[in-house]
Amino acid sequence: DAGVIQSPRHEVTEMGQEVTLRCKPISGHNSLFWYRQTMMRGLELLIYFNNNVPIDDSGMPEDRFSAKMPNASFSTLKIQPSEPRDSAVYFCASSSRALSYEQYFGPGTRLTVT
Amino acid sequence: AQTVTQSQPEMSVQEAETVTLSCTYDTSESDYYLFWYKQPPSRQMILVIRQEAYKQQNATENRFSVNFQKAAKSFSLKISDSQLGDAAMYFCAYRSEGDSWGKLQFGAGTQVVVTP
């Protein structure tokens, strides 16, 4: 298996622009998690899905952030409009009940908003 | 809500030596899972070791072993025969057995520096 795939790996954008981060979970995994990592706040859980349904989005910082999972093999995290304080590494992770919900992480997307 | 505490921001160890990272957690549950994840400079989060709370035997994975003290709510990671490749940020994480979706609670992390 290719593991969790995230794209792009790096994204540089200007303040006010829309940013879309993409994630492909491991095939067969039914839970998907979006995290944000910064030096100041560490690793934060933003939102997670189970069987494509959002379960808890209480970690989403503002209405500028939105996430979707239209099917079992694809999820997006969108920031509109982006701000410099959104600069961070964004991780996607997936897990499966059959594997005791061990989370497998993607390589992350480093977002820089100037 | 459960909290996970890693009190050591940074630990330094010489090659071939042993280092122990501490992790404590706060929970009222009896069934749960504990994990250690490694994040090297590449940023990739890698699962190092897992411990089920109902198991008394400490988990071991090659040079990595844990000391799980359930009553004390302590879950330390020991890295034996440290190698340069062990240099990374290490995160302790907790998952409730009752969580139906696999949500993890992470600690703040401990940076391990390995010196030749």
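Just so we're on the same page: letters track the sequence lines, and every chain starts at 1.
In this structure, the portion of A/Asp56 lying under 4.5 Å from any heavy atom of chain B is its side chain and not its backbone. In this structure, no portion of A/Phe49 lies under 4.5 Å from any heavy atom of chain B. Heavy-atom distances place the side chain of A/Gln37, and not its backbone, under 4.5 Å from chain B. For chain B, the nearby parts of A/Arg110 are the backbone and the side chain; heavy atoms of each come within less than 4.5 Å.
Both A/Ile79 and A/Met60 are part of a single hydrophobic cluster, where members link through side-chain heavy atoms under 4.5 Å apart. Tracing side-chain contacts under 4.5 Å through hydrophobic residues (I, L, V, M, F, W, Y), one never reaches A/Val89 starting from A/Val4; they form parts of separate clusters. Criterion: ILVMFWY side-chain heavy atoms under 4.5 Å apart, direct or through other members. Under it, B/Trp101 and A/Leu46 are not part of a common hydrophobic cluster. With hydrophobic clusters built from ILVMFWY side chains whose heavy atoms lie under 4.5 angstrom apart, A/Leu43 does not share a cluster with A/Leu77. A/Ile55 and A/Met69 end up in different hydrophobic clusters when Ile, Leu, Val, Met, Phe, Trp and Tyr side chains are linked at under 4.5 Å.
Evaluation of the side-chain hydrogen bond (donor to acceptor under 3.5 Å, both in side chains) rule for A/Tyr48 yields no partner, not counting sequence neighbours.
When the heavy atoms of residues 34-44 of chain B are compared with those of chain A, the residues falling under 4.5 Å are B/Phe35, B/Tyr37, B/Gln39, B/Arg43, B/Gln44, listed by number. Contacts between residues 47-84 of chain B and chain A, defined by a heavy-atom separation under 4.5 Å, are made by B/Leu47, B/Arg50. For residues 8-24 of chain B, heavy-atom neighbours of chain A at less than 4.5 Å comprise no residues at all.
Chain B forms more heavy-atom pairs under 4.5 Å with one residue of A/Ser31, A/Ala93, A/Pro107 than with any other, namely A/Pro107. Contacts with chain A were tallied for B/Glu97, B/Met89, B/Arg95; B/Arg95 has the most, counting heavy-atom pairs under 4.5 Å.
Heavy atoms of other residues, nucleotides or ligands lying less than 6.0 angstrom from CD of A/Glu62 number more than 12. Shown here is A/Asn71, whose CG atom has more than 12 heavy atoms of other residues, nucleotides or ligands within 6.0 Å.
Minimum heavy-atom separation, A/Phe33 to B/Lys103: CE2-CA, 3.8 Å.
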